[in-house]
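Just below is one structure, and these are the notes that go with it.
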Amino acid sequence: MDRLLQLEVFARTAELGSLSKAADILRMSNAAASRHLSALEERLAVRLIERNTRRQWLTEAGQELLQRCSTLLNELAEAEDAVSDRALSPKGMLRVTSSLSFAMIYMAPMLPAFRKLYPKLDVQIIAANRYPDFIEAGIDVAIRTREQEPDSNIIIRRIGQMRRVLAAAPSYIATHGQPEHPADLARHDMLIYNLANDPYSLRLQQGNTAQTVRIAPTLDSNDGQVIRGAALAGLGILIQPLYIVQGDIAAGKLVPVLMDWELPLLTMNVAYQNRVRLPAKIRVFSDFLVDHIRTHSDAGIWIEATS
């Protein structure tokens with residue numbers, strides 16, 4: 001039985017959390033995938049994946065093997081890309097992670113056109129606001145909002161910098177009034193994204209004048225869509241990237257406040273592992289995403305042109 005195929009069945013099962021999903025991707029039956037996994041465990045004389053009727057999990061040996069064989073499988077795919085037509089027609093599975101908002105607003109709408117160009121390339125989107133480890137999570141591409149990566153093995157490609165905005169529903173403003181100065185925010189109901197850098201301290205600038213305001217949340221959340229929903233319901237003033245609420249502002253569902261004051265810009269990057277040869281699937285996806293953002297973003301969202 002093919003040792004490499006055994007490793008691929010194991011890696012895909014571990015990454016997807018499901019033997020049946022791994023079988024679908026590898027285009028084999030569940031029974032065949034199970035035989036490959038069992039043969040690998042028998043050959044190594046160790047249990048790699050524990051499973052019951054409700055869930056499965058990696059053993060300690062399985063975790064170590066996944067880290068090692070993921071690197072091996074990635075290097076093999078890169079070698080194939082270098083000598084085959086996959087460089088022109090990439091195929092397989094591409095795993096991308098981003099925030100839920102970015103996935104909804106930018107990635108999901110672009111996938112039909114992307115898949116039409118690359119029909120052999122399947123995409124898996126992992127919506128997450130924290131940054132998973134590339135190898136452990138089997139991630140190919142991550143969309144991230146930080147200036148630099150602590151790991152020197154991660155390459156970042158800047159998409160650009162985007163504006164952030166303070167906004168509230170007309171119903172909230174009718175009841176509580178609009179803040180006229182940053183200091184007024186201290187007495188307003190604030191809706192805060194709690195994974196931001198120093199989320200309870202807000203720095204605003206007007207020309208050469210800068211002001212920092214400490215704010216207390218009426219609601220804080222680790223997801224921008226939760227905050228947006230609360231703002232639409234009239235719960236308070238949100239602080240979000242403009243791309244998340246641009247449609248709501250255009251429709252009059254949210255009203256920007258303190259527009260003569262500027263919030264710090266938010267940097268958005270595409271990140272992927274540093275490799276001798278960049279896999280074709282990562283290259284074509286990154287290029288397509290950047291071009292899609294450039295051509296489909298409303299005016300005024302991005303400050304720095306994408307490249």
Side-chain angles (χ1 to χ4, degrees), residues 98-109 127-130 143 145-146 159-268 293 295-304:
S98 79
S99 70
L100 176 61
S101 294
F102 192 91
M104 290 171 58
I105 294 169
Y106 284 120
M107 287 201 291
N129 292 317
R130 292 195 180 276
I143 312 303
T145 55
R146 58 186 180 190
I159 298 174
Q161 290 185 302
M162 61 177 66
R163 286 193 173 97
R164 294 193 299 159
V165 66
L166 291 147
S171 60
Y172 175 86
I173 292 174
T175 303
H176 298 85
Q178 287 207 35
E180 301 295 331
H181 188 273
D184 296 339
L185 295 174
R187 63 175 178 80
H188 276 272
D189 298 333
M190 302 299 297
L191 312 176
I192 296 175
Y193 179 66
N194 59 26
L195 296 182
N197 292 329
D198 196 5
Y200 309 114
S201 181
L202 194 61
R203 186 178 185 275
L204 298 100
Q205 188 158 349
Q206 185 184 64
N208 295 324
T209 301
Q211 177 133 8
T212 300
V213 182
R214 296 296 297 179
I215 51 178
T218 295
L219 168 73
D220 69 10
S221 174
N222 65 353
D223 190 89
Q225 290 300 319
V226 173
I227 294 169
R228 171 179 170 264
L232 289 171
L235 190 61
I237 299 174
L238 60 67
I239 310 152
Q240 282 289 285
L242 182 56
Y243 82 94
I244 294 178
V245 295
Q246 177 83 349
D248 299 319
I249 292 172
K253 297 177 181 179
L254 292 176
V255 178
V257 299
L258 293 177
M259 288 296 289
D260 51 344
W261 290 82
E262 294 182 354
L263 291 162
L265 299 177
L266 188 66
T267 300
M268 188 75 75
I293 290 172
T295 56
H296 290 83
S297 293
D298 292 335
I301 291 178
W302 296 90
I303 301 300
E304 179 181 313

Inset, instruction - Supply the atom-to-atom distance Gln178 CD to Ile173 CD1, rounded to the nearest 0.5 angstrom. - result: 4.5 Å
Legend entry - Value rounded to 0.5 Å, distance of OG in Ser98 from CD1 in Ile105: 10.0 Å
Legend entry - For Pro182 against Leu204, the heavy-atom pair lying closest together: CB-CD1, 3.9 Å
Inset, instruction - Specify whether Tyr243 and Phe102 have parallel, tilted or perpendicular ring planes, treating 30° as the upper limit for parallel and 60° as the lower limit for perpendicular. - result: perpendicular
Legend entry - Heavy-atom pair of closest approach, residues Arg228 and Leu238: CA-CD2, 3.9 Å
Legend entry - Electrostatic pair Asp198-Arg214, nearest N-O below 4.0 angstrom: yes
Inset, instruction - Measure the spacing between CG of Leu191 and CD1 of Ile215 and express it to the nearest 0.5 Å. - result: 9.5 Å
Inset, instruction - Answer yes or no: is there a side-chain heavy-atom contact under 4.5 Å between Leu263 and Arg203? - result: no
Legend entry - More than 12 heavy atoms of other groups within 6.0 Å of Gln225 CD: yes
Inset, instruction - Measure the spacing between CG of Leu235 and OG1 of Thr218 and express it to the nearest 0.5 Å. - result: 6.0 Å
Inset, instruction - Report the distance from atom CD1 of Ile249 to atom CG of Leu242, rounding to the nearest 0.5 Å. - result: 5.5 Å
Legend entry - Approximate separation, where rounding is to 0.5 Å, of Ser101 OG and Ile227 CD1: 9.0 Å
Inset, instruction - Compare every heavy atom of Gly236 with every heavy atom of Ala168, then report the nearest pair and how far apart it is. - result: CB-O, 3.7 Å
Legend entry - Heavy-atom side-chain proximity of His181 to Trp261 below 4.5 angstrom: yes
Legend entry - Backbone N/O of Asp189 and side chain of Tyr172: donor-acceptor pair under 3.5 Å: yes
Legend entry - Nearest heavy-atom neighbours spanning Leu266 and Pro241: CD2-CG, 3.6 Å
Inset, instruction - Give a yes or no on whether the backbone of Ile239 and the side-chain of Arg164 come within a donor-acceptor separation of less than 3.5 Å. - result: no
Legend entry - Any donor-acceptor pair under 3.5 Å from Gln205 side chain to Gly207 backbone: yes
Legend entry - Atom of Leu258, atom of Pro179 and distance for their closest heavy-atom approach: CD2-O, 3.5 Å
Inset, instruction - Kindly give the heavy-atom pair with the smallest separation between Ile192 and Pro199, and that separation in Å. - result: CG2-O, 3.5 Å
